[in-house]
Visitor: 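Please read through the structure below; I'll follow up with questions.
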Protein chains: 2
Amino acid sequence: MSEEIIQTIPEACCTLDISGADQEKLVTMFKALGNPIRFEIMKFLVTHPSCITGDIVDYLPIAQATVSQHLKVLRQAGWIEGTVEGTATSYCLHEKNIAWFRQRVDEIF
Amino acid sequence: MSEEIIQTIPEACCTLDISGADQEKLVTMFKALGNPIRFEIMKFLVTHPSCITGDIVDYLPIAQATVSQHLKVLRQAGWIEGTVEGTATSYCLHEKNIAWFRQRVDEIF
DNA sequence: TCCTTGTATCGTAAAATTACGATGAATTAT
DNA sequence: ATAATTCATCGTAATTTTACGATACAAGGA
C-alpha cells in the first residue's frame with residue numbers, strides 16, 4: 001500500500017495587490033534599469049533635464065545607434081519621455097511613471 | 001579655414017550621490033527583479049515568509065534546476081537570504097538590502 | 001534644390017541569459 | 001550501511017540582449 005502524498009503550498013501570510021499588466025509593467029521597468037548604460041543615461045537625465053540625444057551620445061563611450069536603442073528601451077519601459085524638436089529629440093524623465101514605480105515598490109516591500 | 005568645434009556637454013543642474021560599487025549593486029538589484037519568474041519568486045516570499053526551495057518549485061511551472069538558478073541570482077543580488085536547514089534551504093527577504101534599495105531609489109528619483 | 005544635421009531603424013555578429021536533464025553533495029530515515 | 005530526500009551545480013541548447021556600421025528619414029540651412 002502506497003500512501004497518498006498531497007502537495008501543499010504553505011498558506012500565505014498576506015496578500016499582495018500587484019498582478020497582471022501592472023506586474024508586467026513593473027518587471028519591464030526593473031529590467032530597463034538593470035543595465036549599466038541605461039542606468040547611466042537615467043542618472044544623466046536626472047542631472048541634465050531635457051537634453052537631446054546628442055548630449056547623451058557625447059557623454060557616453062558608445063555608438064549613437066546603441067544609445068538610441070537604449071533610449072528606446074527606457075522610453076518603452078516608461079522611465080523617460082521623448083519630444084521631437086525639429087531635427088533633435090529632447091528627453092526628460094517620465095515623472096508620473098517614476099512616481100508610480102516608487103509607490104509600487106513601497107507597497108510591495 | 002575650418003572653425004574649431006568644441007563639444008560641450010550641458011551643465012548639470014544638480015549632483016547625484018551614487019556611483020561606483022553602490023551603483024553597480026543597484027543595477028544588479030534592478031536586473032535581478034527584471035525577470036518575470038524572479039519577480040514572482042519575490043512576491044511568493046513576501047506572502048510566504050521563510051519557505052523552502054521545494055515550496056517555490058511546487059508553486060512555479062518550471063524545473064527545479066531553473067528555480068535554484070533564479071534563487072541564486074536573487075541571493076547574489078541581495079534581495080533574499082538562504083539558510084540551510086538540514087537537507088532543505090529556507091529563504092527569506094533580505095530586509096536590510098531591500099531597505100537600502102528603496103532609500104537609493106527615493107534619493108535618485 | 002541640395003547639403004548638413006540629428007536621430008531612428010535595419011541587419012547582424014558576439015555575448016549573455018534562460019531553461020532543462022543529469023549529476024553530485026549533504027543530510028536524514030530505514 | 002543503504003536508501004531517500006532536498007537542493008545546488010554542471011553541461012548545453014535555445015533565446016534574448018547588446019553593440020556596431022550602414023542606411024533611412026525628417027527638418028533646416030545654403
Side-chain angles (χ1 to χ4, degrees), chain A residues 1-3 5-10 24 27-42 44-45 48 50-77 79-92, chain B residues 2-3 5-10 24 27-42 44-45 50-77 79-92:
Chain A
M1 293 288 147
S2 63
E3 306 189 17
I5 294 172
I6 299 173
Q7 292 281 13
T8 349
I9 291 162
E24 276 179 48
V27 171
T28 301
M29 291 187 81
F30 269 106
K31 185 173 186 177
L33 274 201
N35 170 285
I37 295 285
R38 286 195 291 269
F39 192 89
E40 202 65 53
I41 291 176
M42 281 299 287
F44 190 78
L45 285 177
H48 302 78
S50 43
C51 61
I52 65 174
T53 307
D55 296 331
I56 304 172
V57 172
D58 291 342
Y59 174 66
L60 295 173
I62 60 176
Q64 178 266 320
T66 309
V67 172
S68 199
Q69 207 168 244
H70 282 306
L71 285 169
K72 187 179 182 179
V73 173
L74 287 172
R75 193 160 18 86
Q76 290 181 335
W79 284 108
I80 63 175
E81 278 177 310
T83 314
V84 176
E85 287 177 3
T87 172
T89 304
S90 173
Y91 283 99
C92 62
Chain B
S2 62
E3 304 189 19
I5 294 172
I6 298 172
Q7 292 281 13
T8 347
I9 290 162
E24 275 179 48
V27 172
T28 301
M29 291 188 81
F30 269 105
K31 186 174 184 176
L33 274 201
N35 170 285
I37 296 284
R38 286 195 291 269
F39 192 89
E40 203 63 54
I41 291 175
M42 281 299 287
F44 189 78
L45 285 176
S50 43
C51 61
I52 65 174
T53 307
D55 296 331
I56 303 172
V57 172
D58 291 341
Y59 174 66
L60 294 172
I62 60 176
Q64 178 265 322
T66 310
V67 172
S68 199
Q69 206 168 245
H70 282 306
L71 286 169
K72 187 179 184 181
V73 173
L74 287 172
R75 193 161 17 88
Q76 290 182 333
W79 285 107
I80 62 176
E81 279 175 310
T83 316
V84 176
E85 287 177 4
T87 170
T89 305
S90 173
Y91 283 98
C92 63

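To find a chain, count down the sequence lines: A is the first, B the second, and so on, and within it residues start at 1. Heavy-atom basis, side chains included; hydrogens, waters and symmetry copies ignored. Every value quoted in this text rests on a predicted model; they were computed, and no experiment measured them.
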Visitor: Between the base of C:dT5 and the side chain of A:Thr87, is there any donor-acceptor pair under 3.5 Å?
Guide: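 Between C:dT5 and A:Thr87, which were checked side chain against base, a qualifying N/O pair under 3.5 Å is present.
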Visitor: Hey, can you tell me if B:Trp79 and A:Phe30 have their rings parallel, tilted or perpendicular (30° and 60° cut-offs)?
Guide: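 Aromatic pair B:Trp79/A:Phe30 classed perpendicular.
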Visitor: Please give, in whole Å, the distance from D:dA8 C1' to B:Ile80 CD1?
Guide: 13 Å
Visitor: NE2 of B:His70 versus P of D:dC7: gap in Å, rounded?
Guide: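 Those two atoms, NE2 and P, are 17 Å apart.
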Visitor: Which nucleotide, C:dT7, C:dC20, D:dT9, lies nearest any side-chain atom of A:Gln64?
Guide: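 Closest nucleotide among those given: C:dT7.
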Visitor: May I ask you to verify if any side-chain N or O of A:Tyr91 is less than 4.0 angstrom from the OP1 or OP2 atom of C:dG6?
Guide: no
Visitor: Nearest to the side chain of B:Ala65 - D:dT9, C:dT9, C:dA8?
Guide: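 When the side chain of B:Ala65 is considered, D:dT9 is the closest of D:dT9, C:dT9, C:dA8.
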Visitor: By the 4.0 Å heavy-atom rule, please label A:Arg38 as base, sugar-phosphate, or nothing.
Guide: sugar-phosphate
Visitor: Any donor-acceptor pair under 3.5 Å between the side chain of A:Gln69 and the base of D:dA19?
Guide: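 Answer is yes: a donor-acceptor pair is held.
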Visitor: Looking at C:dT18, I'd like to know if its phosphate oxygens (OP1 or OP2) sit under 4.0 Å from a side-chain N or O belonging to B:Asn35.
Guide: yes
Visitor: Atom NZ of A:Lys72 to atom C1' of D:dT18: distance rounded to whole Å?
Guide: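 Nearest whole value for this atom pair: 14 Å.
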Visitor: Which listed nucleotide (C:dA8, D:dC20, C:dA19) is nearest to the side chain of B:Thr66?
Guide: C:dA19
Visitor: Whole angstrom is fine here: how far is it from CD in B:Glu85 over to P in D:dC7?
Guide: 10 Å
Visitor: Which one, D:dT6, D:dC7, C:dT9, comes nearest to the side chain of B:Thr89?
Guide: D:dC7
Visitor: Less than 4.5 Å apart, any side-chain heavy atom of A:Thr53 and any of A:Ile56?
Guide: no
Visitor: Would you indicate which nucleotide in C:dA8, D:dT9, C:dT7 comes nearest to any side-chain atom of A:Ala88?
Guide: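 The answer is C:dT7.
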